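Only a predicted model underlies this, so the values are computations on that prediction, with no experimental measurement involved.
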Amino acid sequence: MNVLVIGNGGREHAILLALKKSKRVEKLYCMKGNAGTAEIAENVDVDYMDTVAVKSYVAEHPEIDYYVVAPDDPLAAGLVDELESMGKRCFGPRKNAAVIESSKSFAKQLMKKYKIPTAKYETFDSYEKALEYVRSAGAPIVLKADGLALGKGVLVCETLEQAEEGLKEIMLDKAFGNAGSKVVVEEYLRGLKYTPGEEISVLAFTDGKTVVPMITSCDHKRANDGDTGMNTGGMGTFSPCPFWNKKLEKHVLKKIMIPTVKAMNKEGRTFKGCLYFGLMRTDKGMKVVEYNSRFGDPETQVVLPMLKTDIMDVFEAVTEGKLDKVKIEWEDGACVCLVLASGGYPQSYAKGKKITVGDIGDVTLVHAGTAMKNGELVTNGGRVMGIVAKGKDVEEARSKAYKAAENISWENMQYRKDIGIKYREG
Ligand code: AMP
Ligand code: GLY
């Protein structure tokens, strides 16, 4: 089979690396890709948000058998529907199901209606009403721009002043553009043991009937050590999550994952693809913080390397509604992804810096914002690459990743020094 993956980041490179291991895959393509994807796939220079351009490329390439739509924006825009209308087979939800991520108010309503545990909330499209509510509820409180905002449209406000300022930013100054014309105001969740609360990402394959959770992972969303600083797309991940166990998995499947898939069916929005459950272990049990309609980035970088089953078998089973027929197996051990970012990220940063890679040992470099310029590997984004290391446990994997980081450099490279040490039990 020839497979095309849509997207440019680390997640897409990780999906391609998994597909590369498949016995059934012959040729790989990536639209548009980066310098890493170019090593294993043919990069296709078409803007995946330009539906007309994508469709004409697809029409001209009947040799491509299968499409994986990985990022949130083309999913929300309905690219899977478009490809299916051309008779193509895809991995990823249709537009009416991708709304579980693209509208936070939809997701919150769904959870309320089907009694799926989440933070209490109110939705507003009037600034005055939202302000009145925030003042009466008090701090700490959480504000969320309704639409897609690159994972940055969430403000966790410790004080009322911050909340008032944040509301103005989202609704009046439109800091997140149109995503902020509606706002979700949410109860602040407290972690069982830690502040901020302990978060876990559980990605699951689902064909709308069967739900199969993958191995778990934990992201590090804040820019700086100790989970401080600004929210980013994710500065590193590790797998598995230390507080996860079979009992908790059973509980979450029963109370959250299966009810979500069933709820989407009842709403006429059957979800097929990777459904990402962003969960928090709170003082009142496991709750949903967010849903994503896709593989997480950089969660995918630590989850897929541990997949033993041929990923093409899983993808096709999802497309065909036969997920109950595949046995999905995982390696034992642990995996860490340490993100190397451009200085200044998540705010402004320079591009085009020459990347030097020395002896990095037994790790994989998963590229995100990289490009080739005059035969040299250069930076081309905020998150530049992830060092992915496996080990018998998280400690071993993280020490391999940090050792490799010492031998990679470019001007103003930055990374967190504490990836993989949080939530340790005992
Ligand atoms: P989200 O994009 O919805 O995942 O939110 C981004 C981050 O904000 C999460 O990863 C949490 O760390 C934090 N957050 C979101 N909602 C809440 C909440 N209700 N209480 C406390 N923290 C939250
Ligand atoms: N790592 C968080 C996300 O993919 O949304």
Original post:
What about F277 and Y291, are their ring centers closer than 6.0 Å?
Top reply: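 Centroid separation for F277 and Y291: below 6.0 Å.
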Compare all side-chain heavy atoms of [X] with those of [Y] and state whether any distance is below 4.5 angstrom.
X	Y	result
C335	V388	yes
T300	V303	no
V202	W244	yes
M264	T270	no
V3	D65	no
Q414	S342	no

Assess, by modelled atom type and distance only, whether the side chains of [X] and [Y] contain a donor and an acceptor separated by less than 3.5 Å.
X	Y	result
E329	T309	no
S293	Y276	no
S22	D310	yes

Is it true that [X] and [Y] have a side-chain N and a carboxylate O under 4.0 angstrom from each other?
X	Y	result
D332	K308	no
R135	E164	yes
E395	R424	yes
E82	K88	no
E376	K373	no
D362	K390	no
E198	K193	no
K354	E411	no

Original post:
With distance as the sole test, does D146 use its side chain to make a donor-acceptor pair with the main-chain N or O of V183 at under 3.5 Å?
Top reply: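 No; judged by distance alone, with no hydrogens or angles, the pair does not exist.
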Original post:
Is a side-chain donor or acceptor of H13 paired with a backbone partner of H367 at a separation under 3.5 angstrom?
Top reply: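 Looks like yes, one N/O pair under 3.5 Å.
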Atom [atom1] of [X] with >12 non-hydrogen neighbours under 6.0 angstrom:
X	atom1	answer
R94	CZ	no
K21	NZ	yes
D283	CG	yes
R89	CZ	yes
K174	NZ	yes
K95	NZ	no

Subject >> E299/T237 under side chain to side chain donor-acceptor pair (under 3.5 Å): CA gap, chis, key distance, verdict >> reply: CA-CA 6 Å; E299 284 89 342; T237 38; over 6 Å; no
Do the numbers put [X] on top of the ring of [Y], so that NZ or CZ is under 6.0 Å from the six-membered ring centre and no more than 45° off the axis?
X	Y	answer
R281	F243	yes
K417	Y415	yes
K144	Y121	no

Subject >> Sole residue of E186, E187, E290 in salt bridge (Lys or Arg N to Asp or Glu O under 4.0 Å) with K108 >> reply: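 Answer to the salt bridge (Lys or Arg N to Asp or Glu O under 4.0 Å) test with K108 among E186, E187, E290: E186.
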**OP:** Could you check V384, N412, N380, T379 and say which one makes a side chain to side chain contact (heavy atoms under 4.5 Å, CB included) with K353?
**Re:**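 Passing option: T379.
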**OP:** For salt bridge (Lys or Arg N to Asp or Glu O under 4.0 Å), just list the numbers for R398 and D418, CA-CA rounded to whole Å, side-chain angles, deciding distance to a tenth of an Å, and then say yes or no.
**Re:** CA-CA 9 Å; R398 99 179 267 283; D418 64 345; over 6 Å; no
**OP:** Not counting sequence neighbours, list each pair that qualifies as a side chain to side chain donor-acceptor pair (under 3.5 Å) and has a residue in residues 34-49.
**Re:**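 Output for this query lists K27-E42, K32-D45, T37-N43.
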